[in-house]
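Letters go in sequence order (proteins before strands), and every chain restarts at 1.
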Number of protein chains: 2
Amino acid sequence: MKTDIDFYFDFISPYGYLASTQLERIATAYQRRIEWRPFLVGVTVMKIMGLKPMMQTPLKSDYARLDKPRMASLLGVPLASPDMSRSNSIAATRAFHWIRDRDADASVAFAKRVLHRVWVEGRDITPPEVVVEEAAFVGVDATELLAALGTQSLKDRLQREMDATVARGVFGSPFFIVDEQPVWGVDRLWMLEHWLRHGHWQRE
Amino acid sequence: MKTDIDFYFDFISPYGYLASTQLERIATAYQRRIEWRPFLVGVTVMKIMGLKPMMQTPLKSDYARLDKPRMASLLGVPLASPDMSRSNSIAATRAFHWIRDRDADASVAFAKRVLHRVWVEGRDITPPEVVVEEAAFVGVDATELLAALGTQSLKDRLQREMDATVARGVFGSPFFIVDEQPVWGVDRLWMLEHWLRHGHWQRE
(Lines give C-alpha, C1' and ligand atoms only; values in the text may rest on other atoms or scores of the structure.)
Protein backbone atom coordinates (compact mmCIF):
# COMPACT_ATOMS: atom_id res chain seq x y z
CA MET A 1 0.00 0.00 0.00
CA LYS A 2 1.75 3.12 -1.25
CA THR A 3 1.33 6.18 0.91
CA ASP A 4 1.92 9.80 -0.04
CA ILE A 5 5.25 11.43 0.69
CA ASP A 6 4.61 13.80 3.56
CA PHE A 7 6.92 16.73 2.93
CA TYR A 8 7.50 18.79 6.08
CA PHE A 9 9.36 22.07 5.66
CA ASP A 10 9.51 25.64 6.86
CA PHE A 11 9.17 28.45 4.33
CA ILE A 12 12.13 30.23 5.94
CA SER A 13 14.37 27.14 5.77
CA PRO A 14 16.83 27.22 2.85
CA TYR A 15 17.27 23.46 3.04
CA GLY A 16 13.48 23.06 2.90
CA TYR A 17 13.42 25.12 -0.29
CA LEU A 18 16.30 23.11 -1.75
CA ALA A 19 14.40 19.88 -1.08
CA SER A 20 11.29 21.33 -2.74
CA THR A 21 13.23 21.74 -5.99
CA GLN A 22 13.97 18.00 -6.14
CA LEU A 23 10.99 16.27 -4.62
CA GLU A 24 8.53 16.39 -7.52
CA ARG A 25 11.01 14.69 -9.85
CA ILE A 26 11.53 11.96 -7.24
CA ALA A 27 7.83 11.53 -6.47
CA THR A 28 6.98 11.28 -10.16
CA ALA A 29 9.69 8.68 -10.76
CA TYR A 30 8.19 6.43 -8.09
CA GLN A 31 4.54 7.31 -8.67
CA ARG A 32 3.87 8.91 -5.33
CA ARG A 33 1.86 11.96 -4.42
CA ILE A 34 3.45 14.69 -2.28
CA GLU A 35 1.55 16.17 0.63
CA TRP A 36 3.11 19.57 1.30
CA ARG A 37 3.18 20.25 5.04
CA PRO A 38 4.76 23.58 5.99
CA PHE A 39 5.34 24.02 9.72
CA LEU A 40 7.26 26.32 12.07
CA VAL A 41 10.59 24.64 12.62
CA GLY A 42 11.66 27.29 15.15
CA VAL A 43 8.89 26.15 17.49
CA THR A 44 10.07 22.54 17.27
CA VAL A 45 13.75 23.36 17.66
CA MET A 46 13.46 25.90 20.44
CA LYS A 47 10.37 24.91 22.46
CA ILE A 48 10.38 21.12 22.10
CA MET A 49 14.05 20.30 21.57
CA GLY A 50 15.48 23.16 23.63
CA LEU A 51 18.07 24.08 21.01
CA LYS A 52 19.19 27.33 19.41
CA PRO A 53 18.36 28.22 15.81
CA MET A 54 20.97 26.88 13.39
CA MET A 55 22.25 30.31 12.39
CA GLN A 56 22.77 31.25 16.06
CA THR A 57 24.74 28.08 16.85
CA PRO A 58 28.53 28.51 16.88
CA LEU A 59 30.45 26.44 14.32
CA LYS A 60 27.27 25.09 12.74
CA SER A 61 26.31 28.56 11.48
CA ASP A 62 29.68 28.97 9.74
CA TYR A 63 29.30 25.56 8.18
CA ALA A 64 25.77 26.34 7.00
CA ARG A 65 26.87 29.63 5.44
CA LEU A 66 29.39 27.72 3.35
CA ASP A 67 27.15 24.73 2.76
CA LYS A 68 23.94 26.37 1.52
CA PRO A 69 25.33 27.76 -1.77
CA ARG A 70 27.35 24.56 -2.26
CA MET A 71 24.25 22.39 -1.92
CA ALA A 72 22.30 24.64 -4.30
CA SER A 73 25.13 24.32 -6.83
CA LEU A 74 25.16 20.54 -6.47
CA LEU A 75 21.41 20.44 -7.08
CA GLY A 76 21.68 22.90 -9.96
CA VAL A 77 19.20 25.45 -8.60
CA PRO A 78 19.40 29.15 -7.68
CA LEU A 79 19.59 30.20 -4.04
CA ALA A 80 19.38 33.76 -2.76
CA SER A 81 20.88 34.69 0.62
CA PRO A 82 18.42 37.15 2.17
CA ASP A 83 18.91 38.38 5.73
CA MET A 84 16.44 36.18 7.62
CA SER A 85 17.22 37.42 11.12
CA ARG A 86 13.90 39.28 11.41
CA SER A 87 11.81 37.01 9.23
CA ASN A 88 9.22 34.49 10.24
CA SER A 89 6.84 32.24 8.37
CA ILE A 90 3.83 32.45 10.68
CA ALA A 91 1.52 34.30 8.28
CA ALA A 92 2.65 32.24 5.28
CA THR A 93 2.15 28.96 7.15
CA ARG A 94 -1.29 29.96 8.44
CA ALA A 95 -2.24 31.07 4.95
CA PHE A 96 -1.07 27.78 3.47
CA HIS A 97 -3.29 25.72 5.75
CA TRP A 98 -6.27 28.00 5.19
CA ILE A 99 -5.84 27.58 1.43
CA ARG A 100 -5.16 23.83 1.78
CA ASP A 101 -8.49 23.33 3.53
CA ARG A 102 -10.23 24.89 0.52
CA ASP A 103 -8.15 24.00 -2.56
CA ALA A 104 -5.22 21.56 -2.42
CA ASP A 105 -3.80 22.50 -5.83
CA ALA A 106 -3.88 26.20 -5.02
CA SER A 107 -2.07 25.56 -1.73
CA VAL A 108 0.81 23.85 -3.54
CA ALA A 109 1.04 26.64 -6.10
CA PHE A 110 1.03 29.13 -3.21
CA ALA A 111 3.81 27.25 -1.39
CA LYS A 112 5.98 27.29 -4.49
CA ARG A 113 5.42 31.03 -4.96
CA VAL A 114 6.38 31.76 -1.35
CA LEU A 115 9.53 29.61 -1.56
CA HIS A 116 10.45 31.28 -4.84
CA ARG A 117 9.94 34.74 -3.39
CA VAL A 118 12.29 34.11 -0.47
CA TRP A 119 14.89 31.76 -1.90
CA VAL A 120 15.10 32.81 -5.53
CA GLU A 121 14.11 36.48 -5.37
CA GLY A 122 15.56 37.03 -1.89
CA ARG A 123 12.48 38.98 -0.72
CA ASP A 124 10.80 38.84 2.68
CA ILE A 125 7.57 36.90 3.27
CA THR A 126 6.91 37.93 6.86
CA PRO A 127 4.15 40.60 6.48
CA PRO A 128 0.59 39.30 6.04
CA GLU A 129 0.10 41.75 3.15
CA VAL A 130 2.91 40.09 1.22
CA VAL A 131 1.55 36.63 1.92
CA VAL A 132 -1.90 37.65 0.69
CA GLU A 133 -0.36 39.16 -2.44
CA GLU A 134 1.25 35.82 -3.29
CA ALA A 135 -2.01 33.99 -2.53
CA ALA A 136 -3.90 36.29 -4.89
CA PHE A 137 -1.68 35.11 -7.74
CA VAL A 138 -2.99 31.57 -7.33
CA GLY A 139 -6.63 32.65 -7.30
CA VAL A 140 -7.24 33.11 -3.59
CA ASP A 141 -9.55 35.92 -2.46
CA ALA A 142 -7.10 38.39 -0.91
CA THR A 143 -9.62 40.19 1.30
CA GLU A 144 -11.03 36.95 2.67
CA LEU A 145 -7.56 35.51 3.42
CA LEU A 146 -6.29 38.72 5.05
CA ALA A 147 -9.30 38.71 7.37
CA ALA A 148 -8.79 35.01 8.15
CA LEU A 149 -5.09 35.44 9.05
CA GLY A 150 -5.87 37.22 12.31
CA THR A 151 -8.59 34.89 13.53
CA GLN A 152 -8.33 32.58 16.51
CA SER A 153 -9.72 29.70 14.50
CA LEU A 154 -6.82 29.86 12.03
CA LYS A 155 -4.30 30.14 14.87
CA ASP A 156 -5.89 27.03 16.37
CA ARG A 157 -5.75 25.30 12.98
CA LEU A 158 -1.99 25.84 12.80
CA GLN A 159 -1.57 24.79 16.43
CA ARG A 160 -3.30 21.48 15.68
CA GLU A 161 -1.03 21.06 12.67
CA MET A 162 2.03 21.73 14.83
CA ASP A 163 0.86 19.25 17.49
CA ALA A 164 0.33 16.58 14.84
CA THR A 165 3.74 17.34 13.32
CA VAL A 166 5.56 16.94 16.62
CA ALA A 167 3.52 13.82 17.42
CA ARG A 168 4.92 12.26 14.25
CA GLY A 169 8.47 12.97 15.41
CA VAL A 170 9.22 15.69 12.87
CA PHE A 171 11.89 18.12 14.07
CA GLY A 172 13.80 19.55 11.12
CA SER A 173 13.29 21.10 7.71
CA PRO A 174 13.07 19.33 5.34
CA PHE A 175 11.67 16.15 6.82
CA PHE A 176 9.99 13.40 4.81
CA ILE A 177 7.71 10.59 5.94
CA VAL A 178 6.71 7.88 3.50
CA ASP A 179 5.28 4.49 4.42
CA GLU A 180 5.88 5.55 8.07
CA GLN A 181 9.62 5.91 7.38
CA PRO A 182 11.04 9.23 8.63
CA VAL A 183 13.91 10.80 6.68
CA TRP A 184 15.48 14.09 7.76
CA GLY A 185 17.46 16.45 5.58
CA VAL A 186 18.04 17.45 1.97
CA ASP A 187 21.34 15.55 2.22
CA ARG A 188 19.32 12.36 2.59
CA LEU A 189 17.28 12.52 -0.59
CA TRP A 190 19.36 9.50 -1.69
CA MET A 191 17.95 7.62 1.30
CA LEU A 192 14.39 8.59 0.46
CA GLU A 193 15.00 7.40 -3.09
CA HIS A 194 16.45 4.12 -1.82
CA TRP A 195 13.25 3.44 0.11
CA LEU A 196 11.02 4.40 -2.80
CA ARG A 197 12.96 2.13 -5.16
CA HIS A 198 13.41 -0.89 -2.90
CA GLY A 199 10.93 -0.66 -0.03
CA HIS A 200 13.62 -1.82 2.42
CA TRP A 201 16.81 -0.55 4.06
CA GLN A 202 19.19 -3.27 2.94
CA ARG A 203 22.18 -2.49 0.83
CA GLU A 204 21.56 -2.71 -2.94
CA MET B 1 47.71 19.45 -4.93
CA LYS B 2 45.87 16.55 -3.32
CA THR B 3 45.56 16.76 0.44
CA ASP B 4 44.80 13.96 2.86
CA ILE B 5 41.26 13.34 3.98
CA ASP B 6 41.10 14.53 7.56
CA PHE B 7 38.67 12.19 9.27
CA TYR B 8 37.33 13.64 12.51
CA PHE B 9 35.24 11.32 14.68
CA ASP B 10 34.52 10.38 18.26
CA PHE B 11 35.03 6.78 19.37
CA ILE B 12 31.67 6.88 21.13
CA SER B 13 29.82 8.17 18.06
CA PRO B 14 27.95 5.45 16.16
CA TYR B 15 27.87 7.60 13.04
CA GLY B 16 31.63 8.08 13.32
CA TYR B 17 32.05 4.31 13.41
CA LEU B 18 29.72 3.89 10.44
CA ALA B 19 31.78 6.38 8.43
CA SER B 20 34.98 4.53 9.36
CA THR B 21 33.65 1.40 7.67
CA GLN B 22 33.31 3.21 4.32
CA LEU B 23 36.12 5.72 4.21
CA GLU B 24 39.05 3.48 3.27
CA ARG B 25 37.22 2.22 0.19
CA ILE B 26 36.50 5.81 -0.84
CA ALA B 27 40.02 7.05 -0.13
CA THR B 28 41.56 4.19 -2.09
CA ALA B 29 39.28 4.82 -5.06
CA TYR B 30 40.49 8.42 -5.29
CA GLN B 31 44.07 7.82 -4.19
CA ARG B 32 43.97 9.82 -1.00
CA ARG B 33 45.43 9.14 2.41
CA ILE B 34 43.24 9.28 5.49
CA GLU B 35 44.39 11.11 8.57
CA TRP B 36 42.41 9.68 11.50
CA ARG B 37 41.59 12.44 13.99
CA PRO B 38 39.53 11.26 16.97
CA PHE B 39 38.23 14.08 19.17
CA LEU B 40 35.70 14.58 21.96
CA VAL B 41 32.50 15.61 20.23
CA GLY B 42 30.72 16.17 23.55
CA VAL B 43 33.10 19.03 24.33
CA THR B 44 32.36 20.68 20.99
CA VAL B 45 28.61 20.17 21.18
CA MET B 46 28.13 21.16 24.81
CA LYS B 47 30.85 23.70 25.60
CA ILE B 48 31.30 25.45 22.24
CA MET B 49 27.91 25.08 20.61
CA GLY B 50 25.84 25.09 23.80
CA LEU B 51 23.70 22.15 22.72
CA LYS B 52 22.58 18.96 24.41
CA PRO B 53 23.94 15.55 23.46
CA MET B 54 21.98 13.98 20.60
CA MET B 55 20.56 11.17 22.71
CA GLN B 56 19.27 13.68 25.29
CA THR B 57 17.54 15.85 22.70
CA PRO B 58 13.79 15.26 22.39
CA LEU B 59 12.59 14.07 18.96
CA LYS B 60 16.13 13.79 17.59
CA SER B 61 16.96 10.96 20.02
CA ASP B 62 13.93 8.95 18.83
CA TYR B 63 14.94 9.53 15.24
CA ALA B 64 18.53 8.47 15.93
CA ARG B 65 17.39 5.28 17.67
CA LEU B 66 15.51 4.32 14.53
CA ASP B 67 18.12 5.67 12.13
CA LYS B 68 21.31 4.08 13.45
CA PRO B 69 20.42 0.44 12.65
CA ARG B 70 18.86 1.56 9.37
CA MET B 71 22.05 3.33 8.28
CA ALA B 72 24.16 0.32 9.29
CA SER B 73 21.89 -1.91 7.21
CA LEU B 74 22.17 0.44 4.22
CA LEU B 75 25.96 0.35 4.50
CA GLY B 76 25.97 -3.41 5.02
CA VAL B 77 27.89 -3.40 8.30
CA PRO B 78 27.15 -4.66 11.84
CA LEU B 79 26.20 -2.20 14.57
CA ALA B 80 25.82 -3.05 18.25
CA SER B 81 23.65 -0.89 20.49
CA PRO B 82 25.52 -0.66 23.81
CA ASP B 83 24.26 1.59 26.59
CA MET B 84 26.56 4.60 26.18
CA SER B 85 25.03 6.77 28.89
CA ARG B 86 28.03 6.34 31.23
CA SER B 87 30.70 5.96 28.56
CA ASN B 88 33.29 8.44 27.45
CA SER B 89 36.19 8.35 25.03
CA ILE B 90 38.70 10.47 26.98
CA ALA B 91 41.21 7.70 27.70
CA ALA B 92 40.86 6.19 24.22
CA THR B 93 41.34 9.57 22.53
CA ARG B 94 44.35 10.46 24.67
CA ALA B 95 45.82 7.04 23.97
CA PHE B 96 45.28 7.46 20.24
CA HIS B 97 47.24 10.70 20.09
CA TRP B 98 50.02 9.30 22.26
CA ILE B 99 50.33 6.36 19.88
CA ARG B 100 49.97 8.60 16.81
CA ASP B 101 52.96 10.67 17.92
CA ARG B 102 55.04 7.48 17.98
CA ASP B 103 53.66 5.19 15.25
CA ALA B 104 51.03 6.32 12.73
CA ASP B 105 50.16 2.84 11.50
CA ALA B 106 49.72 1.51 15.03
CA SER B 107 47.41 4.44 15.87
CA VAL B 108 45.09 3.57 12.96
CA ALA B 109 45.07 -0.12 13.93
CA PHE B 110 44.30 0.94 17.51
CA ALA B 111 41.44 3.22 16.37
CA LYS B 112 39.88 0.38 14.41
CA ARG B 113 40.14 -1.97 17.40
CA VAL B 114 38.47 0.55 19.70
CA LEU B 115 35.66 1.22 17.22
CA HIS B 116 35.17 -2.53 16.74
CA ARG B 117 35.08 -3.13 20.47
CA VAL B 118 32.31 -0.60 21.03
CA TRP B 119 30.26 -0.77 17.85
CA VAL B 120 30.62 -4.42 16.80
CA GLU B 121 31.18 -6.18 20.13
CA GLY B 122 29.07 -3.69 22.13
CA ARG B 123 31.66 -3.47 24.94
CA ASP B 124 32.70 -0.40 26.88
CA ILE B 125 35.93 1.48 26.15
CA THR B 126 35.83 3.98 29.01
CA PRO B 127 38.33 2.51 31.55
CA PRO B 128 42.04 3.20 30.89
CA GLU B 129 42.78 -0.48 31.52
CA VAL B 130 40.55 -1.48 28.61
CA VAL B 131 42.12 1.11 26.34
CA VAL B 132 45.58 -0.11 27.18
CA GLU B 133 44.49 -3.70 26.53
CA GLU B 134 43.43 -2.77 23.01
CA ALA B 135 46.66 -0.83 22.47
CA ALA B 136 48.72 -3.83 23.51
CA PHE B 137 47.18 -5.81 20.65
CA VAL B 138 48.74 -3.42 18.13
CA GLY B 139 52.18 -3.60 19.72
CA VAL B 140 52.05 -0.71 22.16
CA ASP B 141 53.82 -1.06 25.51
CA ALA B 142 50.88 -1.34 27.94
CA THR B 143 52.76 -0.20 31.05
CA GLU B 144 54.20 2.82 29.32
CA LEU B 145 50.84 3.89 27.86
CA LEU B 146 48.98 3.39 31.15
CA ALA B 147 51.49 5.63 32.90
CA ALA B 148 51.21 8.24 30.13
CA LEU B 149 47.41 8.37 30.28
CA GLY B 150 47.37 10.19 33.60
CA THR B 151 50.04 12.76 32.79
CA GLN B 152 49.49 16.47 32.36
CA SER B 153 51.50 16.50 29.18
CA LEU B 154 49.12 14.07 27.48
CA LYS B 155 46.11 16.04 28.75
CA ASP B 156 47.69 19.13 27.22
CA ARG B 157 48.36 17.22 24.00
CA LEU B 158 44.65 16.39 23.65
CA GLN B 159 43.68 19.94 24.57
CA ARG B 160 45.83 21.31 21.74
CA GLU B 161 44.21 18.78 19.40
CA MET B 162 40.75 19.92 20.52
CA ASP B 163 41.66 23.59 20.04
CA ALA B 164 42.93 22.88 16.54
CA THR B 165 39.81 20.85 15.76
CA VAL B 166 37.46 23.64 16.80
CA ALA B 167 39.62 26.18 14.96
CA ARG B 168 39.00 24.24 11.77
CA GLY B 169 35.24 24.47 12.31
CA VAL B 170 34.70 20.81 13.12
CA PHE B 171 31.63 20.23 15.31
CA GLY B 172 30.15 16.80 14.61
CA SER B 173 31.11 13.17 14.21
CA PRO B 174 31.95 12.16 11.56
CA PHE B 175 33.37 15.27 9.91
CA PHE B 176 35.65 15.25 6.88
CA ILE B 177 37.94 17.94 5.54
CA VAL B 178 39.65 17.46 2.20
CA ASP B 179 41.24 20.24 0.10
CA GLU B 180 39.87 22.63 2.77
CA GLN B 181 36.30 21.49 2.03
CA PRO B 182 34.35 20.58 5.19
CA VAL B 183 31.74 17.83 4.97
CA TRP B 184 29.69 16.79 7.99
CA GLY B 185 27.90 13.49 8.47
CA VAL B 186 27.89 9.88 7.33
CA ASP B 187 24.81 10.78 5.28
CA ARG B 188 27.04 13.00 3.16
CA LEU B 189 29.60 10.46 2.02
CA TRP B 190 28.08 10.97 -1.45
CA MET B 191 29.10 14.63 -1.23
CA LEU B 192 32.64 13.77 -0.19
CA GLU B 193 32.81 11.38 -3.14
CA HIS B 194 31.48 14.07 -5.47
CA TRP B 195 34.33 16.37 -4.46
CA LEU B 196 36.95 13.65 -4.77
CA ARG B 197 35.68 12.70 -8.22
CA HIS B 198 35.14 16.18 -9.67
CA GLY B 199 37.02 18.70 -7.54
CA HIS B 200 34.07 21.11 -7.73
CA TRP B 201 30.54 21.49 -6.40
CA GLN B 202 28.68 21.76 -9.68
CA ARG B 203 26.05 19.25 -10.67
CA GLU B 204 27.36 16.31 -12.67
Asker: Looking at A:Gln152, I'd like to know if its CD atom is crowded, meaning that more than 12 non-hydrogen atoms belonging to other residues, nucleotides or ligands lie closer than 6.0 Å.
Answerer: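 More than 12 heavy atoms, drawn from other residues, nucleotides or ligands, come within 6.0 Å of this atom.
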
Asker: Name the member of A:Asp62, A:Thr44, A:Ile48 that forms the most heavy-atom pairs with chain B at distances under 4.5 Å.
Answerer: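 The option with the most such pairs is A:Ile48.
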
Asker: Contact part of B:Leu66 toward chain A, heavy-atom cut-off under 4.5 Å: side chain, backbone, both or neither?
Answerer: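 Contact with chain A involves the side chain of B:Leu66 alone.
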
Asker: Give the interface residues of residues 4-17 of chain A toward chain B, defined by a heavy-atom separation under 4.5 Å.
Answerer: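 Listed by number, the contacting residues are A:Tyr15.
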
Asker: Could you report the tightest heavy-atom contact between A:Leu59 and B:Val166, atom names first, then the distance?
Answerer: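 Closest heavy-atom pair between A:Leu59 and B:Val166: CD2-O, 3.8 Å.
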
Asker: Give, as side chain, backbone, both or neither, the part of B:Arg188 having an atom under 4.5 angstrom from any heavy atom of chain A.
Answerer: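 Just the side chain, heavy atoms under 4.5 Å.
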
Asker: Could you tell me whether the side chain of A:Tyr63 and the main chain of B:Gly169 form a donor-acceptor pair under 3.5 Å?
Answerer: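 No: the side chain of A:Tyr63 does not pair with the backbone of B:Gly169.
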
Asker: With the side chain counted from C-beta on, respond yes when A:Trp201 and B:Met71 share a heavy-atom pair under 4.5 Å apart, and no when they do not.
Answerer: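 A side-chain contact under 4.5 Å is absent here.
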
Asker: Is there a side-chain contact between B:Met191 and A:Asp187 in this structure, where contact means two heavy atoms from C-beta onward sitting under 4.5 Å apart?
Answerer: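 Not in contact.
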
Asker: Does atom CD (A:Gln202) have a neighbourhood of more than 12 heavy atoms from anything else shown, all under 6.0 Å?
Answerer: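 Counting other residues, nucleotides and ligands, CD of A:Gln202 exceeds 12 neighbours.
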
Asker: Can you tell if the side chain of B:Pro58 reaches within under 4.5 Å of the side chain of A:Lys47, non-hydrogen atoms only?
Answerer: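 Of all side-chain heavy-atom pairs linking A:Lys47 with B:Pro58, none is under 4.5 Å.
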
Asker: Under 4.5 Å heavy-atom distance to chain A, tell me which part of B:Val170 shows up: side chain, backbone, both or neither.
Answerer: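 The backbone, not the side chain.
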
Asker: Do any N or O atoms from the side chain of B:Lys52 and from the backbone of A:Met49 form a donor-acceptor pair under 3.5 angstrom?
Answerer: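 Confirmed, B:Lys52 side chain pairs with A:Met49 backbone.
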
Asker: Quick check on B:Phe137: does its CZ atom have over 12 non-hydrogen neighbours (other residues, nucleotides or ligands) under 6.0 Å away?
Answerer: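 No, the 6.0 Å shell around CZ holds no more than 12 heavy atoms from other groups.
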
Asker: With chain A as the partner, which of B:Pro69, B:Ser73, B:Gly76, B:Gly172 has the greatest number of non-hydrogen pairs under 4.5 Å?
Answerer: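 With the most close heavy-atom pairs to chain A, the winner is B:Ser73.
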
Asker: Pair A:Leu74, B:His194 - check side-chain contact (heavy atoms from CB on, under 4.5 Å), show working.
Answerer: CA-CA 9 Å; A:Leu74 274 173; B:His194 180 104; 3.4 Å; yes

Asker: Counting only non-hydrogen atoms closer than 4.5 Å, does A:His200 touch chain B with its backbone (N, CA, C, O), its side chain (CB onward), both, or neither?
Answerer: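 A:His200 has no heavy atom closer than 4.5 Å to chain B.
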
Asker: Decide side-chain contact (heavy atoms from CB on, under 4.5 Å) for B:Leu189 and A:Trp190; before the verdict, give the C-alpha distance in whole Å, the side-chain angles of both, and the deciding distance to 0.1 Å.
Answerer: CA-CA 11 Å; B:Leu189 285 172; A:Trp190 63 272; over 6 Å; no

Asker: Check step by step if side-chain contact (heavy atoms from CB on, under 4.5 Å) holds for A:Val183 and B:Arg70.
Answerer: CA-CA 11 Å; A:Val183 176; B:Arg70 171 174 80 170; 4.1 Å; yes

Asker: Side chain, backbone, both or neither: which part of B:His198 has a non-hydrogen atom closer than 4.5 Å to chain A?
Answerer: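 Neither; nothing under 4.5 Å.
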
